[in-house]
Amino acid sequence: MQTRPTRGGHALILLRILAASACFVEILGAGAAHAQEVTLRAVSSFAEGTTFSKNFERFVQKVNAEGKGLVQINYIGGPKAVPPFEVGNAVKSGVVDVANVTGAFYTTLLPEADALKLNTISAAEMRKNGAYDYINKLWSEKMNVQYLARSMDHMPFCLYLNKKIDKPDLTGLKLRITPVYRDFFQALGATIVQTAPGEVYTALDRGVVDGYGWPISGIFDLGWHEKTKYRVSACFYNVEVGVLVSNNAWNKLNDKQREFLTRMGVWMEGLSAEMPAHNAGEAKRQAAAGIQVIDFGEQDRASFVARAYEVGWASAVKQSPQHGPKLKSLITR
Ligand code: 173
């Protein structure tokens with residue numbers, strides 16, 4: 001984190017250089033009435049300009065437009081800056097101040113994080129019913145971060161395949177996963193291989209996997225539609241991507257700066273209202289690209305989704321007997 005007085009101060013140049021490599025606050029001389037502008041360094045666990053960075057990037061733009069003299073965000077970029085599964089570490093340790101990252105990418109640091117995909121109530125409701133307070137306390141204690149706001153919500157995950165199946169049985173299929181899909185796909189008999197998003201295209205191209213888990217949106221970002229034949233019509237869970245702020249940075253902000261960032265975060269959460277229409281558009285675009293829908297029929301469709309949630313919560317509770325059940329009561333109806 002870099003801070004600078006809104007008015008001059010060349011004596012602070014050395015401090016700025018130091019701040020370029022570490023989270024740092026310049027304290028102005030006693031009694032100085034300068035306002036402080038803080039610059040936070042941010043990364044995304046998804047490639048710049050792609051689906052799961054977009055809402056976050058709109059948030060960054062808005063913060064920078066409205067936060068002059070208060071808070072600015074220096075957006076360093078996507079996985080080229082920090083590999084997706086390292087982003088959690090980077091924000092926990094304060095190497096970066098802000099991260100746009102899904103819980104599935106930092107389960108090694110916080111096993112509870114992946115459970116946020118199981119929410120069935122809105123972020124607005126979660127702010128009201130105490131869920132956010134609970135999440136923030138847990139994330140703060142175990143991860144050294146604030147869970148500022150959700151950058152993605154109201155979008156399901158799906159199963160994409162290159163081999164046709166006609167019922168919810170994944171026996172004999174080798175599927176690309178992250179923790180989001182691991183236990184569910186395994187429960188249905190699949191063999192699994194975990195990869196970062198950046199490795200999916202090559203895995204499909206080489207035939208290393210027969211399919212992959214991914215949200216309903218985003219397969220065009222990295223060209224996977226060229227290597228995808230089918231999508232199972234029954235999708236499941238709810239994509240969670242969140243904006244985390246390192247406590248190292250957060251603790252140095254004043255109330256006004258915290259309130260401003262929180263307000264911007266709530267604004268960003270409002271963007272997820274666009275998702276249902278966006279999701280429908282993506283499904284159409286997939287059909288136009290020749291991706292066929294596999295429909296199990298009404299009964300198996302319902303049991304496929306029910307099984308996803310059953311397995312999802314069972315593993316969340318197993319991972320965290322202490323917090324799993326409480327999270328379930330707070331983020332579902
Ligand atoms: O499939 C994934 O890489 C994954 O876990 C994920 C999570 C949120 C948004 C997009 C992908």
Side-chain angles (χ1 to χ4, degrees), residues 43-57 59 78-79 82-88 91 99-119 123 147 149-161 170 173-186 190 192-204 208-225 227-228 231-232 235-244 268-269 271-272 274-275 278-279 282 286 308 311-312 315-316 319 331:
V43 296
S44 178
S45 59
F46 298 95
E48 281 166 73
T50 62
T51 305
F52 300 99
S53 290
K54 272 183 189 156
N55 287 351
F56 175 65
E57 288 165 358
F59 161 85
V82 183
F85 292 103
E86 289 300 319
V87 167
V91 68
N100 179 57
V101 60
T102 177
F105 291 175
Y106 56 91
T107 52
T108 50
L109 303 173
L110 183 61
E112 291 85 357
D114 186 41
L116 298 186
K117 72 187 177 198
L118 301 170
N119 72 307
Y147 190 96
R150 188 154 171 153
S151 61
M152 188 54 75
D153 201 0
H154 304 305
M155 180 191 287
F157 291 97
C158 307
L159 169 59
Y160 298 86
L161 293 171
L170 307 178
L173 296 174
K174 189 166 177 190
L175 301 177
R176 174 271 174 185
I177 54 99
T178 65
V180 167
Y181 331 88
R182 182 188 289 130
D183 293 343
F184 176 41
F185 290 174
Q186 277 189 311
I192 48 137
V193 45
Q194 173 157 309
T195 82
E199 290 151 26
V200 173
Y201 186 92
T202 311
L204 291 167
V208 173
V209 295
D210 304 309
Y212 56 97
W214 190 259
I216 185 73
S217 177
I219 71 160
F220 294 92
D221 287 336
L222 302 174
W224 304 345
H225 61 291
K227 304 285 168 189
T228 304
R231 187 188 76 250
V232 171
C235 296
F236 47 89
Y237 304 151
N238 185 17
V239 174
E240 180 272 339
V241 185
V243 175
L244 309 183
M268 178 181 62
E269 285 179 348
L271 299 177
S272 285
E274 298 170 4
M275 289 309 128
H278 168 88
N279 299 342
E282 283 282 308
Q286 289 182 15
V311 173
S315 66
Q319 303 263 10
I331 72 172

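Each ligand, and each atom within it, is numbered from 1 in the order the structure gives. The analysis underlying the following values was restricted to heavy atoms, covering all of them including side chains, and did not include hydrogens, waters or symmetry mates.
- Scanning for ring pair (Phe, Tyr, Trp, His ring centres under 6.0 Å) contacts around F220 gives H225, with sequence neighbours left out.
- Shown here are the side-chain hydrogen bond (donor to acceptor under 3.5 Å, both in side chains) partners of S315, two or more places apart in sequence or in another chain: D183.
- The aromatic rings of F46 and F105 sit tilted, their planes meeting at an angle between 30° and 60°.
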Output block, N or O contacts of ligand 1, threshold 3.5 Å exclusive:
unit_1   : atom_1 : unit_2 : atom_2 : d
ligand 1 : 1 (O)  : R176   : NH1    : 2.7
ligand 1 : 1 (O)  : Y181   : OH     : 2.5
ligand 1 : 3 (O)  : R176   : NH1    : 3.4
ligand 1 : 3 (O)  : R176   : NH2    : 2.9
ligand 1 : 5 (O)  : T178   : OG1    : 2.8

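- Evaluated for a side-chain contact (heavy atoms from CB on, under 4.5 Å) with Y212, the options L159, L204, L175, T195 yield exactly one hit, L204.
- Among the candidates L161, I219, I216, the single residue satisfying the side-chain contact (heavy atoms from CB on, under 4.5 Å) test with R231 is I216.
- Checked against side-chain hydrogen bond (donor to acceptor under 3.5 Å, both in side chains), Q194 has the following partners two or more places apart in sequence or in another chain: R182.
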